[in-house]
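Here the structure comes first, spelled out in structure tokens, and everything after it is commentary.
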Amino acid sequence: MILSKTRKSISMNKPIYFSKFLVTEQVFYKSKYTYALVNLKPIVPGHILIVPLRTTVLTLSDLTVPESQDYFNTLQLIHRFIKWQYKADSINVAIQDGPEAGQSVPHLHTHIIPRYKINNVGDLIYDKLDHWDGNGTLVDWQARRDDYLGVGGRQARKNKSALATADGDEPFQGPNVLKPDSQRKVRSLIEMKKEVQDLQSRLEEFVASSPDLKQWL
Ligand SMILES: Nc1ncnc2c1ncn2[C@@H]1O[C@H](COP(=O)(O)OP(=O)(O)OP(=O)(O)OC[C@H]2O[C@@H](n3cnc4c(N)ncnc43)[C@H](O)[C@@H]2O)[C@@H](O)[C@H]1O
Ligand SMILES: [Mn+2]
């Protein structure tokens, strides 16, 4: 059991905090300086957080060099894992670093949010990116981007969201449609502990399935 030391270390060691919140039972992976946390109010299933164990790390630049390396190694492992586990087409990797950047919890954390071809709705922060003219290099990248922009980009998707059924079209439905804050529900500890157990066993399988992942442990 490659990760069994992780499982033991989470339960046996000292309590884990996310700022002032005691979250030990919501942690599904822990490395030397970092942990992965299931979200209290996920935007979509698989929305998790990568957090440094040291609660005095408010912002990215507070990490020491060893902490930064461990933080990014964990990000590399869990980003791959969540994409595999939730069969995501893309992943938002987001740090809201500082109150003016939208950070509401004063403890560094990186959001990992699974994204799918159909759920580009309601992500207000992506208006700007719609006009990004990056010269995608991946073979299917441009096709997917054209597809995304084809129906009028994010704005049109927003109109077609489950919230506002613009021009009578069938709105996007399903668990993977990004919800606005008003529709995000705070989950119970029982729900989150179940997700932790599921993710821990699946992460074990994932790491066992691809030897090259061990470099991020
Ligand atoms: N005790 C606890 N245990 C576990 N999780 C806890 C927790 N207390 C708070 N959180 C969790 O901590 C995060 C704080 O994020 P934050 O400090 O960056 O500030 P928030 O505004 O709360 O973050 P979110 O609204 O979750 O935004 C996350 C990312 O998704 C983006 N986003 C938000 N709503 C979106 C939407 N409808 N569409 C697309 N993107 C969206 C945001 O721009 C950002 O990049 C939240 O996700 C909260 O649920
Ligand atoms: Mn928010």
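Note: hydrogens, waters and symmetry copies are ignored here, and every other heavy atom, side chains too, is used. We count ligands from 1, going down the list as the structure has it; atoms in each ligand are counted the same way.
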Notebook entry, point to check: With backbone taken as N, CA, C and O and side chain as the heavy atoms from C-beta onward, which portion of Lys41 lies under 4.0 Å from ligand 1: side chain, backbone, both, or neither?
Noted result: both
Notebook entry, point to check: Purely on distance, is any nitrogen or oxygen of Leu37 under 3.5 Å from one on ligand 1?
Noted result: no
Item checked: Gly102 N/O under 3.5 Å from ligand 1 N/O -> yes
Notebook entry, point to check: Is the closest side-chain heavy-atom distance between Tyr29 and Leu217 below 4.5 Å?
Noted result: yes
Check: How are the rings of Phe18 and His109 set relative to one another: parallel (under 30°), tilted (30 to 60°) or perpendicular (over 60°)?
Finding: perpendicular
Notebook entry, point to check: Of the backbone atoms (N, CA, C, O) and the side-chain heavy atoms from C-beta on, which set of Ala94 has a member under 4.0 Å from an atom of ligand 1: side chain, backbone, both, or neither?
Noted result: side chain
Checklist line | Contacting atoms of ligand 1, where contact means under 4.0 angstrom from a heavy atom of Gln103 | finding: 17 (O)
Check: If you count the atoms of ligand 1 from 1 in the order shown, which ones are under 4.0 Å from a heavy atom of Arg184?
Finding: 24 (P), 25 (O), 26 (O), 47 (O), 49 (O)
Check: Which residue from Asp97, Ile95, Asn39 reaches closest to atom 49 (O) of ligand 1 through any of its heavy atoms?
Finding: Asn39
Notebook entry, point to check: Looking only at side chains, do Thr64 and Tyr33 share a donor and an acceptor under 3.5 Å apart?
Noted result: no
Check: Can you check side chain to side chain contact (heavy atoms under 4.5 Å, CB included) on Ile50 and Ile112, steps first, answer last?
Finding: CA-CA 8 Å; Ile50 305 292; Ile112 298 274; 4.1 Å; yes
Notebook entry, point to check: If Ile, Leu, Val, Met, Phe, Trp and Tyr residues are connected whenever their side-chain heavy atoms lie under 4.5 Å apart, and connections chain through other members, are Leu189 and Leu22 in the same group?
Noted result: no
Next item on the list: State yes or no: do Leu40 and Ile190 share one hydrophobic cluster built from I, L, V, M, F, W and Y residues joined by side-chain heavy-atom distances below 4.5 Å, directly or via other members?
Entry: no
Check: With a cut-off of 4.0 Å, which atoms of ligand 1 are near a heavy atom of Val38?
Finding: 4 (C)
Note to self: Quick test of your reading of the structure: of Val27, Leu22, Leu40, whose heavy atom lies closest to atom 2 (C) of ligand 1?
What the structure shows: Leu40
Margin query: I need the atoms of ligand 1 closer than 4.0 Å to a non-hydrogen atom of Ile113, numbered in the order shown.
Written below: 29 (C), 30 (O)
Next item on the list: With the side chain counted from C-beta on, respond yes when His47 and His111 share a heavy-atom pair under 4.5 Å apart, and no when they do not.
Entry: yes
Notebook entry, point to check: Which of parallel (below 30°), tilted (30 to 60°) and perpendicular (above 60°) describes Trp84 and Phe81?
Noted result: tilted
Margin query: Going by the closest heavy atom to atom 23 (O) of ligand 1, which one wins out of His47, His107, Gln96?
Written below: Gln96
